[in-house]
Amino acid sequence: MTPCLSTEENRMYNKMWHQTQEALGALLDKEPQKMVEPQRNQVFIFQTLATFYIKYVQIFRNLENVYDQIVHPQKRILIRKVLDGVMGRILELKNEMVELELTEFHYFDDILQDLKLAPQQLDIPIPKYFLKEKLEVIKGREKILAQILADSGIDTSEMKFPVKSMPFDQAVKLIQIAERARQGRLRALFMKQIYLQEYRAKQSKTLGKKVTDSWAAALCIQKVWRRFHQCKKTEKLREEEMIFLGMNPPPLFNEVSATVIQAEKVDRLRNEVQMKHEEDYREALVTIKNDLKLIEGLDIKENLQDQIRHWFIECRNLTGTFPDYPDIEEGGSAIIFSNKTIQQVIEDIIANQEEEEKNEKKKKKKKEKQPKKTKRQKKGTKEKNKEEDEKWKMSPSLFLPAMKEGCNAYKEIWMNKDESWNFSQDFDPELIKEEKRKELESEIRVQVDELMRQELKNLKLAVDREREHPAKVGKKKKKKGKKGKKKEKKTKKDKDLTADRTIESLYKELVEEGLLIQALKVNLSDYIGEYSYLGTTLRQVSIEPMPSLLDVRQLITLYGIWPLGSAAVHEKAPLVKSLLLAGPSGVGKKMLVHAICTETGANLFNLSSSNIAGKYPGKNGLQMMLHAVFKVARQLQPSVVWIEDTEKTFYKKVPNAEKTNEPKRLKRHLPQILKLLKPDDRILIVGTTRRPFDAELQPFCRVYQKIILVPRPDYASRYVLWKQIIERNGGVLTSALNVSCLAKVTDGFTQGHIVKVVKAVLTDQRIRRQIHKPLTAVEFITAITSMDPVYKEEEESFKNWYAKTPLGKKRALAITGGSTEKAKDKGKRKE
Ligand SMILES: Nc1ncnc2c1ncn2[C@@H]1O[C@H](COP(=O)(O)OP(=O)(O)OP(=O)(O)O)[C@@H](O)[C@H]1O
């Protein structure tokens, strides 16, 4: 039975959708004017791009929410199309901004202020449908992976918590020690109780003699009690005042409220209804088509035949000959009758004839009158073109047409549709009928074409006594022959080294070899960080700000997660085949790689030099390994190919200790692999490195298309990191723990350090003792002092290295006043 949904909720999501579509429509209307005009002022261009970007992000956030919650299956199809379009457009705009500002990080604080938006509203969510639609497949794959690992004796739990084996005697001894300690503790407790009992008895004996005045005793007790009571009262008042002033959070601030729990429940319920409606819709698509075939199929066939016969006769009446029947490849009779009545077709024939005559006359006149362009005129136009080139112009978008189509469909079908009957928001059968009627017509048309082609042949034979020209037939046949040859050639080039093996067996082999690994379950939202509030201000005074952790998170969503999650986006958006995450140890590079896999359900291949050392030896072995990895990655896409410590592949000089590992095995192959990755292969190569400076710069940067510097956390990020990591590990934040101070003095330490320290301090025992002894900052500070922070020099070396990368170089040039804008760059490329 379908769970019941409230109509209010349905109405709310519908309203949200209508509002978002209107906002999108308004934005799409503005696009052509703003984006096509050539511009010179870089600040103005960036502001325009950024405003569009932010507005599209807002639309995307709403649309994603609506798509996740709306239960009407036909509306969801349209929303999905628009959603993919908006994602693609955001990526295109991001690409434009990168080319314009020559940096991966952009700061919008001033625009956010103008638009009255909070920084959190700029956060780019990950569409929930990425995982929801593949949940079954992902679960199935996880099961298979776990099974293979278990069969081959590689226990994943052991990888996370390594267990050391121990001799039997030692184990018995350990258990005995623990048991004796337990008995000792018990006996000590028992002895303490006896001692206290005796002590109290003694005391009461001696005191009983002393206390004779009961009034004085009562007064003493009252004094103590009143003092204690007043202390408590004052403390409470002070606490209330702090809450009133907004200095302290109210009680239950961090508790999940009942409303949120209720909202989550409703979300789940709506998802159930969504699935049920989707199923009903899919069934209806089949049943309605079958019904239509039975009821209207014959009529459609006769109508089509009549129409085509009429066309034969009218054509012969007007031109004197029967028309040629369009080939199957051209689309058959559909190209003549697509959305046209027979009257319109006849008018077309007459118009065509007239136009042909006119064209011939014009051509003759032009030839007689053609003036020659003077040299000066030519020069003038060239200069004009050059000037146009130097001005910035928006690159044409591949997603605008799809979005416009979606908006038009919305306006035609849904904008003013009366849905007062559709309380449950189930599918609309009339719309299915319309769609299926067209489908049925085109299917029947193929059969009718076959019949009518024969009929036309017979007619021509009977009336015109004409046969098809033998030369024509020969030509067509020859053409077909050529095509066949081309295909054969292509297949020879892409030789499959493992044609005789199934994907399952290759998958198993890669798991057993440790090349295909299980990704850890971490979401991108677990990557804690804060927004950088000073970006624009710093840039205005020519200081390049360090990117914030939220900026990094956004880039991972844009370059990694979106394209891997959506095939439509991957195919048309600016293609990112490889990504490099560079940063000091412990800043979360590995975590980000695992998060990409978790959020998209991608397979994770580990091609790190340490992992492939000694596996698949020799030239042929390596070729085989890469072939197997990319074959499985392609077939079970999306996939992430991770190369940890990727600088080793591009070592300037291989250290002696690592020579046996052959770290440079992949160096020559990586560029070739990248070349072979096509837009429909949802595979991303992700490299992580702690020491990019050890690599040869040019080949390194040629392989990694996008380079993201992952910074150590700034004060704001450290503040949230300490708070959240302590809480995640069972710690309780009280006023005794000065988090702000902790964040201030731990400047230079990374997330990895913070996680390590928190885990070391918050032992089970310490967590239990928190009620009596709240946590303090000193405990963490003492523990962190034994660790090495990221020193200024190390950070500088990362910055200096980045300044040598292609994008870094271009930006440095632009800042020092070299060739600035993308326009110039574009102009050069054109030349
Ligand atoms: N932003 C973050 N929020 C929460 N935890 C984080 C964050 N960044 C990193 N961590 C945690 O810090 C620890 C170290 O992270 P990780 O191993 O991914 O760093 P890394 O940069 O890959 O280090 P290395 O270069 O040494 O391999 C992990 O436990 C990870 O979960």
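Every heavy atom of this structure was used, including side-chain atoms; hydrogens, water molecules and symmetry mates were not. Numbers for residues simply follow the sequence, beginning at 1. Counting starts at 1 for both ligands and their atoms, in listed order.
Here the heavy atom of the protein found nearest to atom 1 (N) of ligand 1 is I528 O, 2.9 Å. Scanning the protein for heavy atoms near atom 19 (O) of ligand 1, the closest one is G588 N, 3.1 Å. The protein atom (non-hydrogen) at minimum distance from atom 13 (C) of ligand 1 is G752 CA, 3.8 Å. In this structure, atom 4 (C) of ligand 1 lies nearest to the protein heavy atom D526 O, 3.5 Å. For atom 25 (O) of ligand 1, the closest heavy atom belonging to the protein is K589 NZ, 2.8 Å.
Between D747 and R712, at least one side-chain nitrogen of the basic residue sits less than 4.0 Å from a carboxylate oxygen of the acidic one, meeting the salt-bridge criterion. Remark: K652 does not engage D694 in a salt bridge, criterion side-chain N to carboxylate O under 4.0 Å.
Between Y67 and Y129, the angle of the ring planes goes over 60°, which puts this pair in the perpendicular group of the 30/60° scheme. Ring planes of F108 and F46: parallel class, angle under 30° (limits at 30 and 60°). The aromatic rings of H594 and W642 stand perpendicular to each other, their planes meeting at an angle above 60°, with 30° marking the opposite boundary.
The shortest heavy-atom distance from L721 to ligand 1 is under 4.0 Å. Not close to ligand 1: G529, with no non-hydrogen atom less than 4.0 angstrom away.
Smallest separation of non-hydrogen atoms from V593 and V686: CG2-CG1, 3.9 Å. Taking all atoms of both residues into account, the shortest heavy-atom contact from V569 to G88 is CG2-N, 4.3 Å. Closest of all the heavy-atom pairs between V640 and A602 is CG2-CB, 4.1 Å.
In terms of polar-atom proximity, M591 is counted as a contact of ligand 1, with an N or O under 3.5 Å from an N or O of the ligand. At under 3.5 Å, a nitrogen or oxygen of S585, whether backbone or side chain, sits near a nitrogen or oxygen of ligand 1. Checking only distances, L549 never comes within under 3.5 Å of ligand 1, N or O to N or O. By the 3.5 Å distance cut-off applied to N or O atoms, V755 is not counted among the residues near ligand 1.
With atom 23 (O) of ligand 1 as the reference point, the heavy atom nearest to it among S525, A595, P584, G586 is part of G586. The option with the heavy atom closest to atom 9 (C) of ligand 1, from among R691, E530, Q751, K590, is Q751.
Remark: N611 CG to N606 CG distance equals 4.0 Å, nearest 0.5 Å.
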